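All remarks here apply to the structure that follows.
Side chains are part of it too, since the values below use all heavy atoms of this structure and drop only hydrogens, waters and symmetry mates. Nothing here was measured: the structure is a model prediction, and the numbers come from that model. Along the sequence shown, the residues carry numbers beginning at 1.
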Amino acid sequence: MSKFKHFLRTVPMKLYIILAAFIVFAFFSNDFGLVDIQKTAVILAAGVDKEGDTFTLSTQIAVPQGNTAGGSATSTVTVDANGTTVSECISKIFSETGWVPKLVFCDLVILGEEAAKDNAIACFDFFLRNEYMPDSAQIAVCEGTAKELLTSTSAMDDSPTQAIQKLLTQSAQSSGKVMANTLKQFAISYYGASESGYAPYLRTAEQQSSTPGGGSAGESGGGSGSSEGNGAHEKPTVVYNAEQTALFTKGKMTGILSREETFAFSLIKGKVFAGTFTAQEQGKPVAVSILKNDGGVSLNMKSNPKAEVSVKLVLRLFNRGVPAPVNDIAEVTMSEELLQNAETVIRGYLDSLVTACKEADCDLFQLKTQLYRSSLSRFEEWKDLVPNAIETEIKTKIEKIK
């Protein structure tokens, strides 16, 4: 230690000053990879449409509004651009607005219906290659164009992005009404042996609003010379629905599952822990809730390939659609008639789902992937039979709460 102190005393003071000046210069001359927030377009959601060989990218961007009476506020602005690739659209947004587009907070990518029918993976390619784009970003397909959806006026939230993301939360999925998917999982399914995938299908419905401008009074649109601006309050407010599911085969949308078929798909995935559905008891409607859900699909290859779809449920009585006596109000157990009718309903949903997948030529249950992993020789022999030409057996086990 004494030698080290002696060394420090022998170092000239000028060297200390030069070293300190170098550190200060290095600190204040470096932006550490950060971009001025005033020059940054923080993209919250992206919508992709395609017409012919031209892509249209619509981006919903968060815009800080500075201090208000209650603190800081943020609104959104929708900017769009056209190009032969999605990356060209991004470059045009930068050149036309001066904002540097950043995708690190982009958690939602929406495809317009025509873009989904053309080829979804061509639209997703840029986002899959971008190192800043979250793999966990949610994907969806919408009726009409993504541009129309992102410039719509939400009746409940400050922007369509916020409203749509609420539909795709884990809580929403546990109801069985929505089958969400991510950019990463869609790509894995597309590039896998099954070459099939899915995405929630979005629709809008107009709502009457008691206040001008609904929930999106702070929203505006623009880009490429267009602007919603002051006319936003004249647009009807809408709510969003994601209870249907788009089916994809080799990247192209080939069908749409109904609400009941989407619910059945959720049951097979074993995702439903707070869902309800309606059955009949003595000709009257009765809602039952799902307390426990287990499901799956396996490929039986003992002789000819056969898909075995299984769903196990534990149910309880949830709500009657007609008046009930007072001693029945606290009842949660189900009669045998109601239990059997509930099983008939579920089997009907599952059968309809299997039929829809075959009509769309969509290997939704990833049976080809199972076949590929188990036997390459059988995969080459049977791959063209899945899913259309194989037998499907549906197994249900439905119990009531004890």
* Any donor-acceptor N or O pair under 3.5 Å, side chains T276, S289 -> no

* To do: Using the test side-chain contact (heavy atoms from CB on, under 4.5 Å), find all partners of E399 that sit at least two apart in sequence or belong to another chain.
  => V314, K397

* Asked: So, do I346 and L267 sit near enough that their side-chain heavy atoms are less than 4.5 Å apart?
  -> yes

* **Test item: L202 and I110 side chains (from C-beta on) under 4.5 Å apart, heavy atoms** => yes

* Using the ring of F263 (Phe, Tyr or Trp, six-membered ring only), decide whether K177 places NZ or CZ under 6.0 Å from its centre and within 45 degrees of its axis. => yes

* May I ask you to test the I93-W99 pair for a side-chain heavy-atom distance under 4.5 Å? => no

* Look at the side chain of S266 and the backbone N and O of T262, then say whether any donor-acceptor pair between them is shorter than 3.5 Å. => yes

* Structure fact -> The residue among E143, E148, E243 that forms salt bridge (charged side-chain N to carboxylate O under 4.0 Å, His left out) with R203 is E143

* Asked: Does S258 have any side-chain contact (heavy atoms from CB on, under 4.5 Å) partners at least two apart in sequence or in another chain, and if so, which?
  -> E260, E261

* To do: Tell me yes or no: between the side chains of N341 and Q280, is some donor less than 3.5 Å from an acceptor?
  => no

* To do: Mind checking side-chain contact (heavy atoms from CB on, under 4.5 Å) for A324 and listing every partner two or more places apart, or none if nothing turns up?
  => R320, D328

* Are the aromatic ring centres of Y190 and F248 under 6.0 angstrom apart? -> no

